[in-house]
Amino acid sequence: MLRYLTSGESHGKSLISILDGIPAHLKLSCNDINSELSRRQTGYGRGGRMTIEKDRVEIIAGVRHGESLGSPVTLLIKNLDWENWKRIMAVDEGASGEHHKNVAMPRPGHADLPGGLKYDEKDMRNILERASARETASRVAVGAVCKRFLSEFGIRVLSWVVEIGGIRWKIEDGFLSGGYKDLFNRAEGSEVRCPDSGAEVKMKEKIDEAHDKGDSVGGIFEVVVTGLPPGLGSHVHWDKKLNARLACGLMSIQAIKGVEIGMGFEVARNFGSDVHDEIFYGNLKSDDSAAAEPKIEQWPLKTGFYRKTNNAGGIEGGMTNGEPIVLRAAMKPIPTLMIPLKSVNVCTKKPFDAVKERSDVCAVPAASVVGEAVTAFEIAKVFLEKFGGDSMNEVKRNYRGYLEYLSNW
Ligand code: EPS
């Protein structure tokens, strides 16, 4: 079973993740992970912290001579800001000096108050340090290994931003003719990860407006997985349903408040005949609709069944149906505001303004990269459940056998 743990505080010494269950002989280098870490650090609207951190991974265990060993893969990312915080965040008792940077005024929308009540912490720095989205660097490192694994089977996980602060861009508005890869390439060249440069300008204006007001903005990103076989996940039990597992992964990202799959909430507003994707059989269609991402030559997915629409977002009955998976996640505006909201000092119980911490105005582009990572983990996990083996060759044999079976079904 593929599983992972992350550990580390935002201003602590470093972040550590342990990923267990990667088969032996997966080619893996620090560069595979560092390129993903850099992608997460970009984006218009980030705060001062991103000028301090230059996230780089050190592979501590689980890899030898450029290949996985089948043992847990341990990944370490240093927090460069630790140098400025080592007294405040010191491990030793009484070593932090007089300046503790205590947090007594909880921020509405943050983990501060519920965490303080739950863990009996009047200094809510002890909550916010771990609640911080700094932890998502660990998840991107784990996701990068999962992406490396999936790429061996022609499976790609892509993302872009579709909305920031109420400024929307929809796939239907254009650009799909070049396929998902083209959308992704456009997003990679955009400071807000939006494939449409017109919408990008307006999104940046919205972020500037929030910045000037001391406010923050949220938004929506979309994650697409291509190259999938049908039959990952299952209808037989709640915890085997892939849609549920993907939703859980996305909802576990800091500040995510909602997830949609395919047509999402719109399914509830339409007739069944407008929602369900009709089934066709024959050669793969050659039009440019949502499912038209070319299949990878090395792993030909030939069932003969296809759809002309993908309102289901690639999942029916908790299983992949062979079309691309399409997910969207909504991120709330970051709760740290420079014009703080009303709060209460938890020690004196007197009204106060919420604490002001250095923070981001908008982190939706970064969240989109994190969305890819958690999706890659869930897909790699479900893939290994079906085709699992101790070595890459064994997994490939299993997958090849399944594809052969499918082509004769
Ligand atoms: C975060 C607050 C900010 C962000 C941070 C998440 O950090 P700081 O308090 O040090 O300014 O920059 O994000 C990261 C450090 C990161 O690597 O993404 C928060 O409170 O969630």
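Along the sequence shown, residues are numbered consecutively beginning with 1. Start at 1 and go down the list; that is how both ligands and their atoms are numbered.
Looking at Asn345, its side chain never comes within 3.5 Å of a backbone N or O of Met105 through a donor-acceptor pair. Looking only at distances, a side-chain donor or acceptor of Arg307 sits under 3.5 Å from a matching main-chain atom of Asp277. A donor-acceptor contact shorter than 3.5 Å links the side chain of Ser216 to the backbone of Ile334. Using modelled atom types, no side-chain atom of Asp55 and backbone atom of Leu37 make a donor-acceptor pair closer than 3.5 Å.
Using a non-hydrogen distance threshold of 4.0 Å, Arg40 registers as a contact of ligand 1. Heavy atoms of Thr136 stay at 4.0 angstrom or farther from ligand 1.
For ligand 1, the polar-atom distance check against Ala133 finds a nitrogen or oxygen pair separated by under 3.5 Å. The shortest N/O to N/O separation between Thr336 and ligand 1 does not fall below 3.5 Å. Of the polar atoms of Arg358, at least one N or O is found under 3.5 Å from an N or O of ligand 1, judged by distance alone.
For atom 7 (O) of ligand 1, the nearest non-hydrogen atom from the set Arg49, His110, Met50, Gln254 belongs to Arg49.
In Arg46, the part holding a heavy atom less than 4.0 Å from any atom of ligand 1 is the side chain. Only the side chain of His11 comes within 4.0 Å of ligand 1, counting heavy atoms alone; its backbone N, CA, C and O stay farther away.
Nearest protein heavy-atom contact of atom 4 (C) of ligand 1 is Asp360 OD2, 3.5 Å. From the protein, the heavy atom lying nearest to atom 1 (C) of ligand 1 is Ser132 OG, 3.6 Å. In terms of protein heavy-atom proximity, atom 2 (C) of ligand 1 is nearest to Ser359 OG, 3.9 Å. Arg134 CD, 3.3 Å is the protein heavy atom nearest to atom 15 (C) of ligand 1.
Just one residue in the list Arg134, Glu9, Glu53 forms a side chain to side chain donor-acceptor pair (under 3.5 Å) with Asn79, and that residue is Arg134.
Here CG of Leu28 is found 7.0 Å from OG of Ser68. Values are rounded to the nearest 0.5 Å.
Smallest separation of non-hydrogen atoms from Arg358 and Met338: CA-CE, 4.4 Å.
Here Phe387 and Phe153 keep their ring centres 6.0 angstrom or further from each other.
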